[in-house]
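These numbers come from the heavy atoms of this one structure, side chains and all, not from hydrogens, waters or symmetry mates. Numbers here simply count residues along the sequence, with the first being 1. Counting convention: from 1, in listed order, for ligands and their atoms alike.
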Amino acid sequence: MKRKSTLKKLKKKDKTWDIVIIGGGATGLGCAVDAASRGFKTLLLEQLDFAKGTSSRSTKLVHGGVRYLQQGDISLVFEALKERGLMFKNAPHLVSNLSFVIPTYDFWGGPFYTIGLKVYDLMAGKLGLGPSKHLSREEAIEALPTVGKDGLRGGVIYQDGQFDDARMAVSLAQTCCDYGGTVLNYCKVTGFIKDEGLITGVTAVDQQTKDEFTVKARVVINATGVFADEILQLDEPEKREMITPSQGVHLVLPREFLPGNFAIMVPHTTDGRVMFAVPWHNHVIVGTTDTLVGKHSLEPVALKDEVDFLLNTAGKYLVKQPKRKDVLSVFAGLRPLARPEDETKATKEISRSHKILISISGLITIIGGKWTTYRKMAEDTIEKAIMLGGLPERECITKHLPVHGFRMDADPLNDPMAPYGIFKEEILAMGEEEKKFSGMLSEKLQIYKAQVIWAVRNEMALTVEDVLARRTRALFLDAKESLRIAPEVATIMADELGKNDEWIQKQLSDYNIVAKNYYFTD
Ligand SMILES: Cc1cc2nc3c(=O)[nH]c(=O)nc-3n(C[C@H](O)[C@H](O)[C@H](O)COP(=O)(O)OP(=O)(O)OC[C@H]3O[C@@H](n4cnc5c(N)ncnc54)[C@H](O)[C@@H]3O)c2cc1C
């Protein structure tokens, strides 16, 4: 993934791409991997950084969605369970198997969830991650010593997956390149070129240099999540809005709030939502909420009510009641939910299934879905692209396609370097070979200096935020610690990229503005 040579390729006037994808989140990157691995000339353009949007802000679950089973969305659960199994097989360096405990407090809870989760196991079939099991009160307390014991009757334990979303996104970008595809971050699509009303390409602006250029394409895919309406309106200015953004907030706490190896799933909070408390990179993520916000933003901000709700609810299940001062990072993401015909529906009732729309101009738009189902969403979308672009029929091969860095013996649950897969030793060796990269940037977060250089050289990281938010997960794990190491990251990057002091100062001031939303000052 080299920026200079990629830009050169883009500016070749006579080149026509088979498929151009707008948006570098889970959906767009999935499409890019699918298209490139079928041998199509594939280009993906992302306006900022890969996974800058919702795709770095998920609850980090690779799951069938026990909740959707409760809502009777059987086909979504079926699809997601199958995809969960494939993701686990194709990216064992990024996805791990995790045990979830549902504590039960009423008479019906135990049998209800035990039966429900047996169905969940059966639906996963051969791709199951292990059987669920009823727990007695004593067993539930043994698994979750921190759980509220008042009225506790027992629990159910089941298996689901967990992953690092932004690292997965970067690895998918690299997988696309491994198969001859081209990806570019910091390149915003600003318009379409058309011939007799049909889209034949896009105009784009390099956000680093402000250079504008056009690229020709047989078919264009809009995979911009909550931004999809903007792209649709570039094509048809009068188009009705298709997306309802719904905000979900997460709090990150120190690991001591949930020691042990189990995650907690609360199927019914006081206001009928689902809440998870999940160990992640030696911390605990608590989430999430579901708040209709009306408009999208690149940096959505957690509302006080959402934070209070999560703190109060989590207090019933964790070692002790967490307070605002315990929160190391708070992050919000926007669900690109497909707007229902019936706009009075509550957001938690809107289906999470994906929808593919085809505009009169030939633009393909994919909206909705989940990280877990990114591969199937991509397969469905590329099938449509083949038809629309008159491309040769070629089989989808992503069901059994290893993700860049694939490594069987990785331990993503316990090893912070596991997401690098087969490149882990090479990165650690860089630190040993060159003194200036040796040692750790943060002992607390287990981040090495060499990871910064690796991110710049191999992962298209261009800003301090790229490194601290998405190549390492410092911002999402501990916002203040990320601010502490930011000056060293900026200096290492400036040295590698040939930038001056002014660049360093600008990067740090930009990073401060973003990071401010990830911690509380009161
Ligand atoms: C709170 C929350 C928790 C979730 N938890 C889970 C979970 O645990 N498991 C799970 O499976 N799913 C989960 N999801 C769902 C999952 O995260 C999303 O479905 C997925 O990330 C959406 O990806 P996307 O690519 O469609 O959108 P995005 O990630 O938002 O990507 C769209 C991209 O398009 C880019 N873009 C926009 N305009 C342009 C332009 N003009 N030119 C170029 N690029 C452009 C944006 O910068 C952005 O990067 C969660 C979602 C939320 C909100």
Side-chain angles (χ1 to χ4, degrees), residues 20-32 43-65 67-68 76 79-80 83-84 87 95 160-163 165-166 168-169 172-173 183-192 202-207 220-234 243 245-250 263 274 276 278 280 285 287-291 293 296-300 302 306 331-338 347 352-355 365-375 377-378 381 470:
V20 167
I21 297 149
I22 315 171
T27 311
L29 289 163
C31 289
L43 170 66
L44 177 143
L45 300 174
E46 161 56 46
Q47 64 173 351
L48 292 160
D49 189 27
F50 306 115
K52 164 75 187 179
T54 303
S55 298
S56 56
R57 301 154 188 275
S58 77
T59 316
K60 331 292 178 208
L61 302 178
V62 180
H63 62 157
R67 171 162 68 108
Y68 312 127
L76 176 62
E79 181 174 281
E83 292 305 317
R84 178 189 74 171
M87 214 162 144
V95 183
D160 242 332
Q162 193 208 35
F163 77 134
D165 48 11
M168 180 82 184
L172 289 178
V183 296
L184 189 64
N185 54 359
Y186 293 95
C187 187
K188 179 172 178 153
V189 170
T190 50
F192 292 107
V202 300
T203 54
V205 176
D206 176 350
Q207 300 297 294
V220 177
I221 296 171
N222 170 13
T224 52
V226 284
F227 304 89
D229 284 327
E230 279 171 23
I231 301 293
L232 282 161
Q233 287 167 355
L234 284 178
I243 301 283
S246 149
Q247 173 159 296
V249 165
H250 303 87
V274 174
F276 291 97
V278 189
W280 187 62
I285 296 188
T288 179
T289 55
D290 205 339
T291 313
V293 285
H296 59 63
S297 139
L298 277 161
E299 281 296 340
E306 293 178 291
F331 61 93
L334 298 178
R335 292 179 191 85
L337 300 185
T347 54
R352 263 55 169 174
S353 303
H354 62 278
K355 270 192 185 172
T365 298
I366 161 104
I367 51 175
K370 287 147 54 84
W371 237 122
T372 309
T373 54
Y374 84 94
R375 191 211 64 80
M377 290 163 65
T381 311
R470 293 169 294 274

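- Looking from atom 19 (O) of ligand 1 to the surrounding protein, the closest heavy atom is G369 O, 3.2 Å.
- Residue D49 has no N or O atom closer than 3.5 Å to an N or O atom of ligand 1.
- Aromatic ring pairs are classed by plane angle as parallel below 30°, tilted from 30° to 60° and perpendicular above 60°; the pair F227 and H296 is tilted.
- The shortest N/O to N/O separation between T288 and ligand 1 does not fall below 3.5 Å.
- Where the criterion is an N or O separation shorter than 3.5 Å, residue side chain and backbone included, W371 meets it with respect to ligand 1.
- S55 OG, 3.9 Å is the protein heavy atom nearest to atom 22 (C) of ligand 1.
- The shortest N or O to N or O distance between I22 and ligand 1 is not below 3.5 Å.
- Partners of V293 by side chain to side chain contact (heavy atoms under 4.5 Å, CB included), not counting sequence neighbours, listed by chain and number: P245, Q247, L334.
- Residue, atom and distance of the protein heavy atom nearest to atom 24 (P) of ligand 1 are T27 OG1, 3.3 Å.
- Legend: residues meeting side chain to side chain donor-acceptor pair (under 3.5 Å) with T381, ordered by chain and number and at least two apart, are absent.
- In summary, E299 and K52 engage in a salt bridge, as defined by a charged side-chain N under 4.0 Å from a carboxylate O.
- Nearest non-hydrogen protein atom to atom 14 (N) of ligand 1 is S58 CB, 4.1 Å.
- Between W280 and F163, the shortest heavy-atom contact is NE1-O, 3.3 Å.
- At the top of the distance list for atom 9 (N) of ligand 1, counting protein heavy atoms only, stands L61 O, 2.7 Å.
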